[in-house]
Amino acid sequence: MSADQPVTVEVGLGDRAYDILIGSGLLSRAGAEISRRLPGTRAAVVTDENVAAAHLDGLKAGLERGGIQSAVITMPPGEKTKSFPHLEAVVDGVLAARLERGDVVIALGGGVIGDLTGFAAGIVRRGMNFVQVPTSLLAQVDSSVGGKTGINSPRGKNLVGVFLQPRLVLADTEVLDTLPIREFRAGYAELAKYGLIDRPEFFAWLEANWEKVFAGGPERVEAIAEACRAKADVVARDEFETGDRALLNLGHTFGHSLEAATQYDGARLVHGEGVAIGMALAHRFSSRLNLASPDDAARVEAHLGAVGLPWRMADIPGELPDAEALLSFITQDKKVSRGALTFILTRGIGQAFIAKDVPASEVLSFLRESHPASRKAG
């Protein structure tokens, strides 16, 4: 895959449609691609310290080649950066750079930076142009696409934010070569998610080709493009998550509760790992409710384990709060409507569906069974 031939996936939102470009060498073309869509613009680049060390110079050079001058706003790495103090710092940095409403705010980083930067772009000067340059696999296949931005609250994950669609997403697959293996695995969980929602043939392809996806090359580009197509299709149908888009939350309700339970401590659990455990729990819970075969749950667990992902609560280091506390995090989750628990459950591989009014008593019983403390007691 050369920089001259990136794969293009369009997110079809009428006059707000935008392209996702996927391929190698896209950092060097960033200025040309942005200028073609937003001529005469200036930019603020928001990044974190780790990503800046690896990729900021490359992006700045690419912007300058396209005639775009940029200010840089650098944040600390980690989930705890998705907070009000750091949001204020980004907003202040954009204003200090004297950018106008028609200029662009660029997120260079993973999901944390993308979510934080998008939220800032959505509120500063009542909304500015926003471009995503995702540097993690998770961000390239999921969080950079679709316009959901936000920060965390002590009461739960992503509870404060806005919808703001980017004007462009540049997914440079070369930058993934610098990712720690743990972060790559975490992003892979979101890749697998698209197969488990409604693309069973994609999940089977991943089972056969995951090692090539990890190694890089055409299989990696193919997998990222397929995931982006899947998400683009859903976003075009349901931009503001009033219907089908909720399917993209497969594994997230359980996963978000585990992230909150670990206080967003990335040393213990990163988002993609939470999603992996959450997807395994969602399939096992579906089996417990006699909606799906236990063989499907076992297949999901086997694949996540094969790639090196955690798939059960016991895989999280340290102590977890009890099942009642985990349920309280779930009831605070934004997928709860008027007090009723909504889960994404499944009837089999690639057969996810939105289940409303799931009894809290069933969830609590399942959490107790799945909790590491129950295994120790047993």
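Every value quoted in this text rests on a predicted model; they were computed, and no experiment measured them. Throughout, numbering of the chain's residues begins at 1 and tracks the sequence. All heavy atoms count here, side chains included; hydrogens, waters and symmetry mates do not.
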Chemist: Taking atom CD as the centre, does E324 end up with more than 12 heavy-atom neighbours from other residues, nucleotides or ligands that are less than 6.0 angstrom away?
Modeler: yes
Chemist: For the CD atom on E49, are there more than 12 heavy atoms of other groups (residues, nucleotides or ligands in this structure) within a distance under 6.0 Å?
Modeler: yes
Chemist: Mind listing the closest non-hydrogen atom pair of G146 and Q165 along with its distance?
Modeler: O-NE2, 2.7 Å
Chemist: Do you know which of D198, D244, D142 makes salt bridge (Lys or Arg N to Asp or Glu O under 4.0 Å) with K231?
Modeler: D142
Chemist: Do Y194 and F203 have their ring centres less than 6.0 Å from each other?
Modeler: no
Chemist: Would F329 and I151 show up in the same hydrophobic cluster when neighbours are defined by side-chain heavy atoms closer than 4.5 Å?
Modeler: no
Chemist: Charged N to carboxylate O below 4.0 Å: is that the case for E226 and R199?
Modeler: yes
Chemist: Minimum heavy-atom separation for L191 to A227, with atom names?
Modeler: CD2-CB, 3.6 Å
Chemist: Is it the case that one hydrophobic cluster holds both V131 and V141, taking links as side-chain heavy atoms less than 4.5 Å apart, direct or via other members?
Modeler: yes
Chemist: If a pair satisfies salt bridge (charged side-chain N to carboxylate O under 4.0 Å, His left out) and one of its residues is in residues 117-141, list it, with sequence neighbours excluded.
Modeler: none
Chemist: Do the charged groups of R37 and D19 touch, with an N to O distance under 4.0 Å?
Modeler: yes
Chemist: Please say whether more than 12 non-hydrogen atoms of neighbouring residues, nucleotides or ligands are located less than 6.0 Å from CD in E201.
Modeler: yes
Chemist: Salt bridge between E239 and R16, side-chain N to carboxylate O under 4.0 Å?
Modeler: yes
Chemist: Are R347 and F353 in a cation-pi setup, meaning NZ or CZ lies under 6.0 angstrom from the ring centre and within 45 degrees of the ring axis?
Modeler: yes
Chemist: For the hydrophobic clusters of this structure (ILVMFWY residues joined by side-chain heavy atoms under 4.5 Å, transitively), does one cluster hold both V46 and L138?
Modeler: no
Chemist: Which pair of non-hydrogen atoms, one from G25 and one from S28, has the smallest distance, and what is that distance?
Modeler: O-OG, 2.7 Å
Chemist: Any chance you could measure L345, atom CG, to R288, atom CZ, to the nearest 0.5 Å?
Modeler: 12.0 Å
Chemist: Between I106 and I68, is there shared hydrophobic-cluster membership here, with clusters defined by ILVMFWY side-chain heavy atoms closer than 4.5 Å?
Modeler: yes
Chemist: Going from OG1 on T81 to NE2 on H86, what distance comes out if it is rounded to the nearest 0.5 angstrom?
Modeler: 4.5 Å
Chemist: Is it the case that over 12 heavy atoms from other parts of the model lie below 6.0 angstrom from the CZ atom of F163?
Modeler: yes
Chemist: Is the ring pair H256/H252 parallel, tilted or perpendicular, if the boundaries are 30 and 60 degrees?
Modeler: perpendicular
